[in-house]
Trainee: 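The structure that follows is given in the form of structure tokens.
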Amino acid sequence: MRVATWNVNSIRQRLDHLMRYLKEAQPDVLCLQETKCADEAFPRLEAEAAGYNVALHGQKTFNGVAILSKRPIEDVTRGLPGDTGDAHARYIEAVIAGDSGAMRIASIYFPNGNPPATDKYPFKLAFMDRLTAHARSLLALEEPLVLAGDYNVIPETRDVHDPALWTQDALFLPATRAKYRALLNIGLTDALRATTDASGLYTFWDYQAGAWQKNNGLRIDHMLLSAQAADRMRSIAIDKHMRSLDKPSDHVPVRIELD
DNA sequence: ATGTCGCATTCCATGCGA
């Protein structure tokens, strides 16, 4: 089973790239973030014509997450539990049937949190706490679980080109990194770090200031795995070439293979 | 280099979020 995650920065602007990616990477499941459209505006027919079932949790203008799957999608949960006042479309979870049993997969778009001196930053930290609490309950199920998405978290200095430039940023502040570690420490595996200690493996390059040309990137798109999923993971790839296309997303897909 | 996108409205210019 092949599972990928990709922040597309508007699904309508990225439809050609989406179709290309489905064809060339052939993911069984693709988690999307920042679709930036209401569900009725999502290109559902195009995804279905490519052989995918579609589960959506979108909203107009901002945010928006989705799960595309070649296999049937069951038991969809929309919205992250723990705050009835949170109207952001940032979380969708579903159970995907597989040859080796079912797998639970979530597509998550974490708050950016900048600027840190505003209420955006405590909202981000609270979102991370809510995800940790929810992930605890999911781990108790002892199932293969993949929490995939744009975490808006740079975990360590090796995950950013120039760490000194990011010390005051909500993606890299000590409290942000501590929450990410706390999430891992309930019993999740960072899929990329299960396979390599290398620095300079990035998933995002800003549109501004020639970040792509200078390889001034960040690793902020992550796949966190339960033990049952980690046991089945065989490889991981970052599909970096998607950033070099015309009119790219500022993020590239991350893709894992599981038995 | 104040450097780019995408969305929406205030609608061909501006504000917001990233």
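All values reported here derive from a predicted model rather than from experimental measurement. Throughout, a chain's letter reflects where its sequence line sits, starting with A, and its residues are numbered from 1.
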Trainee: Please list, chain by chain and in numerical order, all residues satisfying salt bridge (charged side-chain N to carboxylate O under 4.0 Å, His left out) with A/R12, sequence neighbours excluded.
Mentor: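 Result, salt bridge (charged side-chain N to carboxylate O under 4.0 Å, His left out) vs A/R12: none returned.
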Trainee: Taking the same atom, C1', in B/dG6 and in B/dC11, what whole-Å distance lies between them?
Mentor: 16 Å
Trainee: Output the rest of the hydrophobic cluster of A/W166: all Ile, Leu, Val, Met, Phe, Trp and Tyr residues reachable through side-chain heavy-atom contacts under 4.5 Å, sorted by chain and number.
Mentor: A/I154, A/V160, A/L165, A/L171, A/F172, A/F204, A/L218, A/I220
Trainee: Using atom C1' in both nucleotides, what's the gap between B/dC16 and B/dT10 to the nearest angstrom?
Mentor: 13 Å
Trainee: Using the six-membered ring wherever Trp is involved, compare the ring planes of A/H161 and A/Y202 and label them parallel, tilted or perpendicular (cut-offs 30° and 60°).
Mentor: perpendicular
Trainee: Can you list every salt bridge (charged side-chain N to carboxylate O under 4.0 Å, His left out) pair that touches residues 113-125 of chain A, not counting sequence neighbours?
Mentor: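 The answer is none; no pair qualifies.
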Trainee: Look at A/S10 and B/dC7 and indicate whether a side-chain polar atom (N or O) is within less than 4.0 Å of OP1 or OP2.
Mentor: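 Indeed, a polar side-chain atom of A/S10 lies that close.
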Trainee: For residues 197-209 of chain A, which residue pairs qualify under salt bridge (charged side-chain N to carboxylate O under 4.0 Å, His left out), counting only residues two or more places apart or in two chains?
Mentor: A/R158-A/D197
Trainee: A/L15 has an atom CG; how far is it from atom C1' of B/dG6, in whole Å?
Mentor: 16 Å
Trainee: To the nearest Å, how far apart are A/D16 CG and B/dG6 P?
Mentor: 13 Å
Trainee: N/O contacts under 3.5 Å, protein versus nucleotides 11-18 of chain B?
Mentor:
{"residue": "B/dG17", "atom": "OP2", "partner": "A/K120", "partner atom": "NZ", "Å": "3.3"}

Trainee: Could you tell me how far B/dT14 sits from B/dG3 if I compare only their P atoms? Round to whole Å.
Mentor: 15 Å
Trainee: What's the CD-P distance between A/Q33 and B/dG6, to the nearest Å?
Mentor: 17 Å
Trainee: Specify the separation, in whole Å, of atom CD of A/Q59 and atom C1' of B/dA8.
Mentor: 13 Å
Trainee: Tell me every residue that passes side-chain contact (heavy atoms from CB on, under 4.5 Å) with A/L192, counting only those two or more places apart in sequence or in another chain.
Mentor: A/D190, A/T196, A/L201, A/R219, A/I236, A/I238
Trainee: What is the distance, to the nearest angstrom, from the CG atom on A/N216 to the P atom on B/dT4?
Mentor: 15 Å
Trainee: So, OP1 or OP2 of B/dG6: does either fall under 4.0 Å of a side-chain N or O from A/R14?
Mentor: yes
